[in-house]
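Okay, structure first, notes after.
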Amino acid sequence: MSAATKLHKTSWCALRQLQQYRTKATLSGSSASVATRNDLFNQEQRRQRDAVGRIDKIEVRYLGLPEDVTLVMNSNISTPYNCAQHLSEGHCKRSALALIDGSVPWDMHRPLQESCTLQLLNFHVSEPHAVNKAFWRTCSFMLGAALNRAFKPEAGLQLHSFPGPNIKSGSFVHDIVLQAQNWQPSKEEMRAISAEMVKLAAQDLRIERLDVQQDLAQEMFKDSKYKSEQLPSIAQQTQGRVTLYRLGDHIDISRGPMVGSTSFLGKCTISAAHKVAEEGAAGAFYRIQGVALPSGFQLNHVAFGVLEERSKKPSPARLPNEPFEEQQQLQLS
C-alpha cells in the first residue's frame with residue numbers, strides 16, 4: 001500500500017471519527033436541554049402541588065350517562081379524569097375532554113378549581129366541535145414530538161410553532177426550521193414521520209398541562225431561538241403566564257386544551273412538507289401537514305385517500321415568518 005493511500009485512509013478515518021464526535025456532542029447537548037426542561041417542569045409541578053395547602057372540598061355535578069351524580073372532590077387537586085374514575089373504566093378510556101359549566105373546555109388532567117358542572121366528551125357526542133378542535137391541536141403537538149424523534153441532529157431541526165386548529169382546512173400543521181433550503185422529502189421520509197406518530201399513540205402517553213410564569217418559561221426554552229422570541233408576546237397577552245404541555249419528555253407552548261392521551265390518535269398520515277420561506281444563509285421554514293382520525297373510527301381506504309389528498313393543500317394559517325402577533329398566534333395552539 002502506497003504512502004499516499006495510507007494517508008488518505010488515515011485522513012478518512014479521522015474525518016469519520018470527528019463527524020461521529022460532533023454528532024455525539026450534538027446529541028448530548030440536545031439531550032441535556034430536554035432533560036433540563038423536564039427537570040424544571042417537574043420541579044414547578046411539585047411546587048404548585050405543595051402550594052395548595054389546605055384542601056377545600058368542592059361539589060362536581062356530573063351530567064351524563066349512566067345518570068347525573070354529584071361528586072365531592074378536592075379543589076386544585078382533583079381532575080376530570082379523577083371524576084371519571086368514580087364512574088367507570090369506560091368513562092376513563094372514552095373521555096377525551098371535559099366541559100365545565102356547559103361552556104368551558106377543560107383538559108382531563110387539569111385540576112378543577114371550584115364547584116362546577118362536568119360533562120365528559122368523547123368523539124361521538126352530538127356537538128363534537130370542542131373535542132375535535134382539541135384533537136386537531138393535539139395532533140399538531142404530537143407532530144412536533146414525532147419530528148424531534150425522526151430527524152437526525154445534523155438536519156438542524158428547530159420547532160417554531162403550530163397554528164391553531166382549523167378543521168375546515170383539512171390538515172393539522174407544525175412549522176419548523178431546517179438547515180436545508182431545498183428539502184423535498186421522499187415518500188419514505190414522510191412515512192417515517194407518520195410511523196413516529198403511530199408509535200406515540202401506541203405508548204398511551206398522558207398529556208400534561210402546566211401554567212408557569214414567563215421567567216420560568218424563558219429559562220426552559222433558553223436554547224430555543226424561536227420559542228424565546230415568542231414568549232414575551234405570549235406572556236403580555238396572558239398576564240405574565242405561559243401555558244405548557246408535555247407528552248413523554250416533549251414540552252411545548254400552547255394555550256390548549258388538548259385531549260388527555262396520545263392514545264386517542266388513530267389512523268394518521270403526515271402528507272406534505274411545504275417550504276414557506278428561507279431563513280438565514282442556509283436554512284428555511286417548512287410547514288409540515290397531516291391528517292388523522294380519532295382512535296376507533298373506521299374509514300375505507302378510498303375515503304381516507306380523499307382526506308389525505310385534501311390535507312396536502314397548503315394550509316391558510318398564519319406563516320411562521322410573519323410578524324408574531326399573539327392575538328393571532330394564540331391560535332398558536
Glu59 CD: over 12 foreign heavy atoms closer than 6.0 Å | no

Check whether any side-chain heavy atom of Gln203 lies under 4.5 Å from a side-chain heavy atom of Leu200, and answer yes or no.
-> yes

CD of Glu188: more than 12 outside heavy atoms within 6.0 angstrom?
-> yes

Lys93 NZ: over 12 foreign heavy atoms closer than 6.0 Å = no

Apply salt bridge (Lys or Arg N to Asp or Glu O under 4.0 Å) to Arg37 and Asp39, showing your working.
-> CA-CA 5 Å; Arg37 192 173 298 156; Asp39 285 343; over 6 Å; no

May I have the step-by-step check of salt bridge (Lys or Arg N to Asp or Glu O under 4.0 Å) for Glu89 and Arg94, ending in yes or no?
-> CA-CA 9 Å; Glu89 183 178 352; Arg94 292 190 302 269; over 6 Å; no

Sequence neighbours excluded - side-chain hydrogen bond (donor to acceptor under 3.5 Å, both in side chains) pairs with any residue from residues 123-136 | none

What are the two closest heavy atoms between Pro105 and Leu97, and how far apart are they?
-> CB-CD2, 4.1 Å

Would a line drawn from the ring center of Phe135 to the ring center of Phe264 be shorter than 6.0 Å?
-> no

Tyr81 ring centre to Arg206 NZ or CZ under 6.0 Å, with the angle to the axis within 45°?
-> yes

Validation row, ring centre Tyr62 to ring centre His86 under 6.0 Å | no

May I ask you to check if Lys267 and Phe297 form a cation-pi contact, with NZ or CZ under 6.0 angstrom from the six-membered ring centre and within 45° of the axis?
-> no

Take Arg241 and Asp211, measure what salt bridge (Lys or Arg N to Asp or Glu O under 4.0 Å) needs, and give me the verdict at the end.
-> CA-CA 6 Å; Arg241 302 286 285 178; Asp211 296 314; 5.3 Å; no

Residue pair Trp106 / Leu99, side-chain heavy-atom distance below 4.5 Å | no

Would you check if the distance from the ring center of His160 to the ring center of Phe285 is below 6.0 Å?
-> yes

So among Thr70, Thr117, Asp68, Asp101, which one has a side-chain hydrogen bond (donor to acceptor under 3.5 Å, both in side chains) with Arg61?
-> Thr70

Sidechain N-carboxylate O distance under 4.0 Å for Asp252, Lys227 | yes

